[in-house]
2 protein chains.
Amino acid sequence: MQQDAAKTGKGERTKARIVDAALVLFREHGYDATTMRMVAERAGVSLGNAYYYFKSKEVLLQAFYKEMHDAHVAASQEVLSSSNKLHDRLLGVLQARIDVTEPYRRFAALLFRQAADPDSPLNPFHEASRATREEAIQLFEVVIEGANVKVPKDLAKELPELLWTYSMGIVLFWIHDRSEDSARTRKLAAHTSDIVVKLIRLASNPLLRPLRKRVLELLRDFRVTG
Amino acid sequence: MQQDAAKTGKGERTKARIVDAALVLFREHGYDATTMRMVAERAGVSLGNAYYYFKSKEVLLQAFYKEMHDAHVAASQEVLSSSNKLHDRLLGVLQARIDVTEPYRRFAALLFRQAADPDSPLNPFHEASRATREEAIQLFEVVIEGANVKVPKDLAKELPELLWTYSMGIVLFWIHDRSEDSARTRKLAAHTSDIVVKLIRLASNPLLRPLRKRVLELLRDFRVTG
DNA sequence: CGCCGTTTTTGAACATGTTCAAGAAAGGAA
DNA sequence: TTCCTTTCTTGAACATGTTCAAAAACGGCG
């Protein structure tokens with residue numbers, strides 16, 4: 001059962017070639033300027049063949065996001081393995097994302113373009129992208145687990161997703177941020193992550209259990225994600 | 001200087017015909033299913049002529065949004081002229097929007113699709129749509145002005161835009177809401193508007209002035225809109 | 001009216017995402 | 001090997017947003 005490229009199913013290899021071509025071209029010319037014909041040609045297949053493997057140009061983006069996410073996780077490792085302070089870890093992960101995705105700001109905008117369409121399979125809240133989303137949320141699980149904070153069980157259960165949602169808010173701001181090196185977004189992340197950490201500490205106070213319960217229930221009831 | 005249709009500049013009339021055709025077709029078939037050729041034909045002009053007046057299909061949407069907004073304002077009048085309770089007024093306006101735009105939920109999704117693109121002229125945060133945005137914000141000015149609440153000056157200045165932002169959040173939720181008659185969004189609006197009103201009261205407390213100042217400053221610093 | 005610059009209109013052409021019928025290749029069963 | 005089914009591949013065609021050069025209509029001016 002060897003996994004040699006030569007042995008891998010032919011289809012698999014063709015598919016990989018198409019993704020690779022798309023990634024290079026997306027990076028080089030951006031999404032809009034990259035045509036499916038360019039992708040097909042670079043991959044050495046016919047136009048129709050590209051569509052045999054990818055139902056639309058849009059789904060080719062998923063490969064790009066996956067790659068960005070992997071890079072983000074890798075870039076997050078440094079902070080996550082060097083500090084156990086919640087604020088450092090949270091802010092570090094947010095900054096890592098900016099660092100990694102900075103050159104591809106316009107792609108992030110596309111992500112939100114899709115996010116707005118309830119029927120798009122790329123919508124991060126959509127069922128079809130559950131896997132991708134859960135992987136992203138997992139990163140925030142790690143952020144919390146490795147931090148020296150005690151959060152009550154009920155909150156702990158929801159916290160990763162809450163932080164992910166918060167981070168999506170940062171991304172949304174970042175998309176519109178025209179400042180040099182995304183300086184404004186970095187500032188926003190620093191400010192708000194501080195507040196978020198304080199809120200978590202506050203919410204963990206046993207005295208606030210009833211209020212916390214009510215708020216968490218509300219959030220659960222109106223959760224957007226499947 | 002009579003404004004007879006017959007006397008209005010020829011260009012104006014053609015332009016109006018195109019908009020009218022677009023509105024009817026958008027309503028009937030939706031945005032995607034309406035082609036520029038259909039619009040042109042219905043308007044009785046050539047395809048190229050439609051593009052002479054409207055740079056793209058997208059900008060034709062603006063006319064649609066304008067119409068929806070006007071309908072929303074009209075539908076809001078009832079509550080606004082019958083109650084001076086802040087909560088009733090705020091929730092009433094939110095509900096009016098749901099009532100009015102319910103049949104066009106998919107259009108709202110398009111709005112956010114554009115909102116995600118920082119360069120789109122339809123982006124509600126964009127400079128180009130400042131007029132539209134300010135008109136929408138104005139509605140919330142009325143909501144506050146007619147309510148029997150005293151808010152400190154510094155907060156009062158920002159409040160309309162804050163409420164507008166909040167209402168955009170409700171819209172974002174609504175886009176993904178598949179429940180019958182948008183029931184979930186209505187519930188969300190009821191819950192959150194209550195909280196919002198309480199927060200406004202709380203924030204107006206003179207004792208909280210320093211905190212309020214800090215938060216408002218933060219908001220001003222990181223305002224997304226122009 | 002006849003001329004000229006501007007505005008409006010047209011129809012054809014183009015670019016590109018997507019579909020599809022038909023053929024080629026691959027992989028087994030007999 | 002031969003035949004059949006499934007998988008893969010192709011190239012042409014289609015739909016539609018958009019552009020553009022040229023023609024037509026318009027509006028004043030002499």
Side-chain angles (χ1 to χ4, degrees), chain A residues 1-2 4-23 25-26 28-64 107 110 113-114 117 119-122, chain B residues 1 4-23 25-26 28-64 106-107 110 113-114 117 119-122:
Chain A
M1 242 247 200
Q2 60 184 73
D4 269 346
K7 260 284 176 96
T8 327
K10 193 180 182 187
E12 288 305 307
R13 263 176 299 139
T14 311
K15 198 171 167 178
R17 278 217 314 286
I18 296 172
V19 171
D20 290 347
L23 290 189
L25 291 169
F26 283 167
E28 199 164 330
H29 305 107
Y31 179 77
D32 285 333
T34 299
T35 74
M36 287 299 278
R37 285 167 180 78
M38 289 162 72
V39 172
E41 186 178 12
R42 176 157 193 131
V45 300
S46 72
L47 177 61
N49 200 205
Y51 275 95
Y52 177 74
Y53 289 103
F54 299 93
K55 202 181 160 6
S56 72
K57 185 180 175 184
E58 207 182 302
V59 305
L60 271 173
L61 262 183
Q62 247 163 348
F64 198 84
F107 280 90
L110 291 179
R113 188 151 96 194
Q114 252 72 56
D117 182 352
D119 296 328
S120 164
L122 258 73
Chain B
M1 238 237 202
D4 270 347
K7 262 280 175 104
T8 326
K10 192 181 182 190
E12 288 305 309
R13 263 176 299 137
T14 311
K15 199 170 168 180
R17 277 217 314 285
I18 295 172
V19 171
D20 289 348
L23 290 189
L25 291 169
F26 283 168
E28 198 164 333
H29 306 106
Y31 179 76
D32 285 331
T34 299
T35 75
M36 287 299 277
R37 284 166 181 79
M38 287 162 69
V39 173
E41 187 178 10
R42 176 160 193 129
V45 300
S46 73
L47 177 60
N49 200 208
Y51 275 94
Y52 176 75
Y53 290 103
F54 298 93
K55 204 182 157 4
S56 71
K57 184 180 173 183
E58 209 182 299
V59 305
L60 271 173
L61 263 182
Q62 250 162 346
F64 198 85
R106 297 209 46 83
F107 279 89
L110 291 179
R113 188 151 99 195
Q114 252 73 55
D117 183 351
D119 297 329
S120 165
L122 257 72

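If you're wondering where the values come from, they're calculated on a predicted model, not measured in any experiment. Order of the sequence lines sets the chain letters (A, B, ...), proteins ahead of strands, with each chain counted from 1.
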Per-nucleotide protein contact string for nucleotides 5-16 of chain C, where B marks a base within reach and S marks sugar-phosphate only (heavy atoms under 4.0 Å, - for neither): --SBBBB-B--B
Answer yes or no: is there a side-chain heavy-atom contact under 4.5 Å between A/F64 and A/V19? no
Would you find a donor on one side and an acceptor on the other, under 3.5 Å apart, between the side chain of B/R17 and the backbone of B/A43? yes
Any sub-3.5 Å donor-acceptor pair from A/T34's side-chain atoms to A/L25's backbone N or O? yes
Interatomic distance, [X] [atom1] vs [N] [atom2] [rounded to whole Å]:
X: A/L60; N: C/dT18; atom1: CG; atom2: C1'; result: 13 Å
X: B/M38; N: D/dG17; atom1: CE; atom2: C1'; result: 14 Å
X: A/Y51; N: C/dT18; atom1: OH; atom2: P; result: 4 Å

In chain order, what residues pass the side chain to side chain contact (heavy atoms under 4.5 Å, CB included) check against B/Y31, with sequence neighbours excluded? B/F26, B/K57, B/E58, B/L61, B/F107, B/L110
Quick one: side chain to side chain contact (heavy atoms under 4.5 Å, CB included) partners of A/S46, sequence neighbours excluded? A/N49
